[in-house]
Enquirer: 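Below you will find the structure I want to go over with you.
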Amino acid sequence: MTENEGKTLTESFCANVQSPERMVRQRAIKDFLEFVHRTVTEKDAPAVFDATYLHILRCYADRFEIIRNLAITLIGELLEKLPANGFYLGYIVPVIARRIGQAETVEESEEIRLQLLEQLEAIIRKYADPDGSKGDPLLKSYDNLIDIMVKTLKDPYPAAQKQSCELVKLLAESTPSMHYRAEALVTPATGVLKHRHSANRIAAVEALGVLALNIHSNSEKVVQIIVDLSPLLMDGVPFVRRACGRVGCLMLLKLRDRYSFFYRILPLVLNCLTDDTADVRDDILIRWKEAGELYYKENETELSKTKLIDHTPANYPTEYERPTLPCRAIVQRSMRIVNLVLHEIEEWKEDIRLHATKLLKLVVLHAEKAFSTLFLEVNPVLCKTCMDSDKDIAAEALKVAQLCGILLEYDTWSKHALTEFSKFHTLGHVKCLHAIYQSSGVDRLKDLTKIATILTDTEVCHVLKENYQLELLGFLETLVTDFHRVFTANEIEGLANESDRVSTEKMLYTVILKSAAFAYEDSQIIRDRALQVLAKLNPSTEQLHEHHLADVINSLENLESSNSDAAESILLLAGIVFVCGFRQPYYDALRQALKTALQHAIPQGKIKLFSSISIAMLRWNETMCGAGEEQSTLLQHFMTDLISPYLVWAAGRSAESVRSMATACLCSMSQGAENGIFITLLSMELKTLASLIEDNSIATRAYALRTLLAMGALDFENLKLIAYAVVSRLDDPSSEVREMAARCLGRLQHSASADCSSDDESSARVRWEDTLKPIISTMFLHLENPELKLRATILESLGRLVVHHRSLIKGLANEVAEGCPYKKDLDNILAHQ
């Protein structure tokens, strides 16, 4: 095409593009776009642009979207062929700014807004001058570019918003003048961090990282950027978290005055080192090491000296790779981070607390001994976090405590931790101290007795919560292991002597036994766990009881108070009786303690104690060793002091309940003690038992009758006393009592006194049979009872009586009419005996 033809086409375009008809304008722009694309060269482009730019740029505001689209495309085509002269920017960029850089939205089309941003990207790339060697042509349009991005970063169209973030990064790379107004973009860019599209959030994170590097004077904006990025460390998309870590590493490498921001930047990096996604961890770890290498180069004189004496601590955890020296140095000079972490750990949101706790773990891992100075501040918060309601948070807090035990010297934390524990007795304090203590080195053994002393404090070991007691037992198990290390293996010379061994063993035994005693009724898990730990202290637990239990019993407090069943002293005493039973070495101390407690406790407390006594009394023969006379004396004292006073009738329902439980103890005694010994003692309580058989309480009547099952042969007066009381219970409202009464009737056996003459003995036997006759008749009468169990029991008792009173029963049986339902059963009894 000749020059004249080109000039004619240009003039035609200029005329047609001003036509009021859309189709004419559209056709004109399309034709001219084809002309520029095919014909215009880089040499011709300036002349063409000069002749047409006013008409084309005017089309940027055309009311038809297709016209605006074609005009933008045409300018883009011309820009590719124009020289990189800043002269052209002065015409194009202001027009774009009027379309998408105003406070109000001028360009309504989302696609056109995105197209204009893409054109800006092409412009910035074309006129890029990173080092300013070309005079920084973008500087003349800098304000317009910033105004555009301030607006478009808040664009509701996601694609336009993301493109704006990309433009921020591109502009920072393309001009050395970015720092002039970089801070103006911070607030709009932070708004994109909450966008629902992860790609937009990633772009915004990267843009903010670039902006932070270009902010010179306003450090508050840098802090704002870091603070706004921090929540994205908990983002659900791994790539977003990785972007945050990358920005943190970028700041560590390139941020101006970065040393003063280290404590702010580190959370962005360290949190990614504990990320759940391996790709995130690996990517950030490489960059973190690069930041450390740069720091080493900048501080080589100081760090090279430290490197000579840098040794890996003993017992270093195998699950962690020890950070490099410069990485540790960065953290160690930035310990202000700990205050930020502690604030986050006490947040109400669980995800924030979890990430803050993981961050604290990384800080301890990097800080090592330098963390000792902050342990005083961290320990209370750590103890609280160890009992967090979220199990993951509590588990991370325990890992922090374990690292403290490994990496910190024992003397630097032990004094404060033990003092703190002696003041506050929570589950968290037990967990934290246990974790730190267990992971620390051999130096901990020197404080074994001191720690055992603290645990024996009633404020510490009398906390009745199940989780607390389980954790306390775990701590005690560790202490028991150390006890054997000190006093058996003698790992530290000078600690092992007999008096300390006995004292420490006694204290450990006391706390373990109390845990078992408190849980004897409510939690079998705790009780079994305590007994396991006790067996580790000494496999012969009976030996432990014999050596130390009397002192433990004598140390019980408040037994003289009006204790209820929930009182600590009652719970402990009842638990000790249940767990340990009765043994001679501590029998006197236990009997005296029970006597005191029973005298002063309110009815509920008495019932609790009697319940425990009744269970322990069943094992009397197993636990009490000794001659028959000795045991008889011990039982007599026990019955006289502890049981008999509470068998006497007293008015009131509470007294009735106490009486019932005391009778249960007597019943247990009849089953647990040797039969011959108990029969001797039973005769002392027959009158009382006779009244108890007719007590208002069903349980009391049942226990009293069950006690009588152990009775042997009695003299006439005692038999008569018991027999009438027992036979009257055949009409008892309770089926259990009726059956027990029927069973007791079979145990009625007459014995003449040794000092009686044969005539007196014969007379007593006649009188007894006269007494027994109506009793057997009554038993015959109750054989008509429809209860099968009762009838079977009565027949069993008649079978026992027929051995000594065959003629009496046979005579009475003969009087029973033929055809009677139980006539055949009676004949069978008589036939088999």
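The analysis underlying the following values was restricted to heavy atoms, covering all of them including side chains, and did not include hydrogens, waters or symmetry mates.
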Enquirer: So which of Asn467, Leu472, Leu473 actually passes side-chain contact (heavy atoms from CB on, under 4.5 Å) with Ile526?
Expert: Leu473

Enquirer: So, Ser569 versus Asn563: side-chain donor-acceptor pair below 3.5 Å or not?
Expert: yes

Enquirer: Judged by modelled atom types alone, do Asn379 and Glu420 share a side-chain donor-acceptor pair under 3.5 Å?
Expert: no

Enquirer: Centres of the Phe483 and Phe487 rings: under 6.0 Å?
Expert: yes

Enquirer: Do Glu498 and Arg501 sit within salt-bridge range, that is, some charged N less than 4.0 Å from a carboxylate O?
Expert: yes

Enquirer: Out of the candidates Trp288, Tyr320, Phe262, only one should pair with His366 under the ring-ring contact (aromatic ring centres under 6.0 Å, His included) rule; please name it.
Expert: Trp288

Enquirer: Is the centre of the Phe421 ring less than 6.0 Å from the centre of the His429 ring?
Expert: no

Enquirer: Should the pair Glu321-Arg281 be classified as a salt bridge under the 4.0 Å nitrogen-to-oxygen rule?
Expert: no

Enquirer: Using a 3.5 Å distance criterion without hydrogens, assess whether the side chain of Glu396 forms a donor-acceptor pair with backbone atoms of Thr357.
Expert: no

Enquirer: Using a distance-only test with no angle check, is there a side-chain donor-acceptor pair under 3.5 angstrom linking Gln469 and Ser515?
Expert: yes

Enquirer: Please check if any side-chain donor atom of His547 sits under 3.5 Å from a side-chain acceptor atom of Tyr509, or the reverse.
Expert: no

Enquirer: Without hydrogens or angle criteria, can the side chains of Glu568 and His462 be said to hold a donor-acceptor pair below 3.5 Å?
Expert: yes

Enquirer: Look only at the side chain of Ser612 and the backbone of Lys608, and say whether a donor-acceptor pair between them is shorter than 3.5 Å.
Expert: no

Enquirer: CG/Leu403 to NZ/Lys399 distance, rounded to the nearest 0.5 angstrom?
Expert: 9.5 Å

Enquirer: Less than 4.0 Å between a side-chain N and a carboxylate O, is that true for Lys358 and Asp276?
Expert: yes

Enquirer: List the steps, then state whether salt bridge (Lys or Arg N to Asp or Glu O under 4.0 Å) holds for Lys369 with Glu409.
Expert: CA-CA 7 Å; Lys369 292 182 180 180; Glu409 293 183 358; 3.4 Å; yes

Enquirer: Taking atom types as modelled and ignoring hydrogens, do the side chains of His548 and Thr510 form a donor-acceptor contact shorter than 3.5 angstrom?
Expert: no

Enquirer: Mark yes or no for whether His484, through its side chain, and Lys536, through its backbone, hold a donor-acceptor pair below 3.5 Å.
Expert: yes

Enquirer: Any chance you could measure Glu505, atom CD, to Ile512, atom CD1, to the nearest 0.5 Å?
Expert: 9.5 Å

Enquirer: Give a yes-or-no answer on whether the side chains of Asp482 and Tyr437 include a donor-acceptor pair shorter than 3.5 Å.
Expert: yes

Enquirer: Quick check: does any side chain N or O of Asn299 sit under 3.5 Å from a backbone N or O of Tyr295, one acting as donor and the other as acceptor?
Expert: yes

Enquirer: For the residue pair Glu344 and His355, confirm or rule out a side-chain donor-acceptor distance under 3.5 Å.
Expert: no

